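Here the structure is a predicted model, which is why all the values come from computation and not from measurement.
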There are 2 protein chains.
Amino acid sequence: MGTIYDLAKKTGFSITTVSKALNNYKDVSDKTRAKILQAAAEMDYLPNAHAQSLSTKKSWAIGVMFSEANEVGMKHPFFNGIIESFRHATEEQGYDLIFASRNLRNRDMSYLEHFKHRAVDGIVVICSDRMDEQVQELMRSDIPIVVVDMDSANCSVVYSDNVEGARLAVNYLYELGHQKIAHIAGDETIDAGAARIKGYELAMQELNLSIQPGYLVNAGFFSVEEGKQAMERLLELDDRPTAVFVAGDQMAIGVIEAIHEHGLHVPNDISVIGYDDIDMIQYITPKLTTIRQDTDEIGEAAAELLLEQMTAKERLTERRVIPVRLVERASCAPLEQ
Amino acid sequence: MGTIYDLAKKTGFSITTVSKALNNYKDVSDKTRAKILQAAAEMDYLPNAHAQSLSTKKSWAIGVMFSEANEVGMKHPFFNGIIESFRHATEEQGYDLIFASRNLRNRDMSYLEHFKHRAVDGIVVICSDRMDEQVQELMRSDIPIVVVDMDSANCSVVYSDNVEGARLAVNYLYELGHQKIAHIAGDETIDAGAARIKGYELAMQELNLSIQPGYLVNAGFFSVEEGKQAMERLLELDDRPTAVFVAGDQMAIGVIEAIHEHGLHVPNDISVIGYDDIDMIQYITPKLTTIRQDTDEIGEAAAELLLEQMTAKERLTERRVIPVRLVERASCAPLEQ
DNA sequence: CCTCTTCCCGAAAGCGCTTTCGGTAATTTG
DNA sequence: CAAATTACCGAAAGCGCTTTCGGGAAGAGG
């Protein structure tokens with residue numbers, strides 16, 4: 001591989017000139033640039049990123065923080081889709097993603113510390129837990145940062161229009177004739193969960209529908225199992241809902257399972273609508289009607305906001321709300337009188 | 001944050017001593033070490049990773065290469081599970097993962113070049129395409145490397161016992177009374193696909209069953225759609241199989257869909273067994289019986305082999321074959337005469 | 001009391017690269 | 001043809017850290 005010193009020796013120029021030739025400075029003649037470039041090609045020269053970063057104070061690396069909370073890590077299809085599109089968008093600009101471990105050779109440190117240690121140019125947080133002290137710390141720091149799927153006043157954020165999504169769902173069910181509409185919700189400590197609850201309540205109010213006791217049930221952290229348990233609570237009610245809006249597709253899967261186990265039919269007995277539009281719901285029975293979050297768009301927006309912030313020297317706090325839409329499949333049916 | 005120079009100034013020692021104190025050298029007294037450590041804590045000192053790497057020639061970073069081939073990227077649940085467990089295992093040793101983009105500031109370079117540029121300590125390749133020139137180049141290089149889900153003579157590899165897995169599947173179907181067993185296969189250019197074909201043929205032979213014409217159908221690259229199409233070809237046969245072993249769960253989903261659309265029932269009319277055991281197949285109807293690949297184990301083994309190789313200075317070429325097991329669910333039934 | 005260890009510490013070189021600044025040679029201008 | 005630009009190149013400092021090596025001070029041994 002070799003260094004610029006080797007290149008200098010080989011071509012007879014100084015390392016200064018070599019470096020300039022490599023970096024397209026204008027004060028080096030075409031002839032010498034050509035010589036140097038050729039020599040570089042011949043010896044497979046590659047600049048050392050660490051040396052570059054050290055002297056330019058730019059690392060071309062973006063740190064990503066995933067929530068470890070629910071042990072989902074990079075397995076969750078929704079967050080996955082986002083990070084994948086985020087990666088594509090930043091990669092085009094020449095950035096690499098680095099997933100930081102939290103221990104630096106035994107001594108464990110915070111994410112912020114680790115990212116400072118690595119001297120990343122920016123950070124993306126993909127994690128729904130606003131209570132996480134680590135996330136708070138990141139948001140307080142002065143490193144360019146963008147937060148996904150969570151709101152915050154003091155840094156750039158991008159998330160889906162959850163209120164509107166919930167409204168779409170409720171209105172859709174209403175148009176099918178349903179009035180007894182329940183909501184199986186995500187935990188309120190998670191922004192997405194809270195916003196969907198808000199949208200649900202708003203929509204019900206707008207339609208002059210009252211939310212019956214027990215119709216709003218907290219199902220925690222979006223897992224299949226929690227969804228199932230929540231639905232079982234609804235099924236125990238004397239006055240059962242005829243339709244239920246579920247705050248996440250995974251939960252919705254559990255919901256359908258619970259309904260089936262009760263000997264009831266989806267959608268004939270109970271209509272179910274989910275949230276997210278993860279791939280797998282096209283293959284369950286019945287195919288799930290849901291509110292689609294555009295992970296591509298979210299990832300791209302996040303990349304855009306972060307890049308913006310890395311070039312601007314000051315802290316920006318733009319908020320980008322990505323539209324959602326309803327995807328009609330087979331899990332909702334008109335209410336039969 | 002500050003540098004060791006600041007620390008030196010603050011404590012009155014030389015940067016040499018500061019560095020030594022920070023790195024637990026034994027030739028610095030407890031008293032001065034304590035002073036330096038405290039000063040470091042007070043000013044939130046963090047070592048600069050680039051400077052460290054530059055002088056130690058160790059970056060504590062592992063490059064990961066994903067297949068971009070089928071546009072799955074990090075979305076595929078199987079590879080995802082692997083990378084997640086790999087990450088956990090390497091993180092414990094203090095390594096960070098870096099997902100390299102392939103363009104360095106406009107000029108696009110190969111993965112190998114990029115990894116050299118970044119001076120990673122090792123590489124993990126999670127990608128099934130052995131024909132990919134980029135992968136070949138990586139394997140030929142002298143950077144420590146481990147390859148997942150693919151075989152190779154000249155670097156460390158880890159993959160599932162695909163031959164045995166196929167055998168398990170076929171034997172299971174045979175024990176249920178099936179004799180007309182078809183195989184919807186992955187492409188032979190992919191090692192996993194080829195090995196499962198081999199296992200299928202071997203098992204059939206061991207059972208003295210003949211593979212009828214048309215019973216071995218190539219379904220390409222493991223997608224739902226391709227699985228569906230392959231099954232449609234089987235359904236057109238005069239002498240239909242009573243059971244089919246499908247080389248991947250996603251394909252199996254398509255297979256089941258095709259069968260249902262033909263007005264037939266799984267498993268009563270046709271038994272289906274998949275491969276992988278991805279999460280979602282527990283939620284389709286019927287729940288898919290499958291051969292489980294242990295992604296946790298695979299990821300850990302990969303980490304282990306890579307770490308081994310990074311400490312050993314020479315090239316190791318260990319091969320680790322991870323056992324698989326059959327997970328019985330509801331998509332296979334005894335053959336009724 | 002002198003010599004030999006042992007214990008601490010620091011000077012300096014080096015890792016590979018960027019960038020400022022100044023200087024010489026070539027070119028243009030009037 | 002003299003003066004003023006312009007074009008091209010290199011010395012040197014700096015980025016933040018590690019590590020070798022040598023030397024002084026203190027303690028141990030005779």
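Set against D/dT18, D/dC9, C/dG16, the side chain of A/S29 has D/dC9 as its closest nucleotide.
Side-chain contact between B/P144 and B/L306 is present, with at least one heavy-atom pair separated by less than 4.5 Å. When side chains are defined from C-beta on, A/T295 counts as touching A/I82, because their heavy atoms get closer than 4.5 Å.
One can place NZ of B/K58 at 13 Å from P of D/dT19, the figure rounded to the nearest angstrom. Look at CD1 on A/I15: it is 9 Å from C1' on D/dG10, rounded to the nearest Å. The CG atom of B/L7 sits 8 Å away from the P atom of D/dC17 (whole-angstrom rounding). One atom, CZ of B/R33, and another, C1' of C/dG10, lie 16 Å apart when rounded to the nearest Å. Distance CE (B/M43) to P (D/dG16): 11 Å, rounded to an integer number of Å. At whole-Å resolution of the value, CZ in B/R118 and P in C/dG16 are 17 Å apart. Regarding A/K20, its NZ atom lies at a distance of 9 Å from the C1' atom of C/dT20, rounded to whole Å. With rounding to whole Å, B/H50 atom NE2 is found 11 Å from D/dG16 atom C1'.
Residue A/S19 places none of its side-chain N or O atoms closer than 4.0 Å to OP1 or OP2 of C/dT19. For the pair A/Q52 and C/dT18, the criterion of a side-chain N or O lying under 4.0 Å from OP1 or OP2 is met. Considering only side-chain N and O atoms, A/Y45 lies under 4.0 angstrom from the phosphate OP1 or OP2 of C/dC17. Considering only side-chain N and O atoms, A/N48 lies nowhere under 4.0 angstrom from the phosphate OP1 or OP2 of C/dC15. For the pair A/K57 and D/dG14, the criterion of a side-chain N or O lying under 4.0 Å from OP1 or OP2 is not met. Residue A/S14 places at least one side-chain N or O closer than 4.0 Å to OP1 or OP2 of D/dG10.
A/R320 pairs with exactly one of A/E300, A/E297, A/E304 by the salt bridge (Lys or Arg N to Asp or Glu O under 4.0 Å) rule, that one being A/E304.
Closest approach of B/A302 to B/V148, counting heavy atoms only: CB-CG2, 3.9 Å.
Residue-to-nucleotide proximity on DNA chain C shows that, of B/S55 and B/K26, the 5′-proximal contact is made by B/K26. When each of A/L54 and B/T16 is assigned the nucleotide of DNA chain D bearing its nearest heavy atom, the one mapping closer to the 5' terminus is A/L54. Nearest-nucleotide assignment on DNA chain C puts the 5′-proximal partner with B/F13, out of B/F13 and A/T17.
Within 4.0 Å of B/T32, counting heavy atoms only, lie sugar-phosphate atoms of the nucleic acid but no base atom.
Taking only distance into account, the side chain of B/D27 meets the base of C/dC9 through a donor-acceptor pair shorter than 3.5 Å. For D/dC17, its base sits under 3.5 Å from the side chain of B/Y5 at one donor and acceptor pair at least.
Under the 3.5 Å distance criterion, the side-chain polar atoms of A/D44 are left unmatched by any main-chain donor or acceptor of A/M1.
Using bins of under 30°, 30° to 60° and over 60° for the plane-to-plane angle, the ring pair B/F115/B/Y111 lands in the tilted bin.
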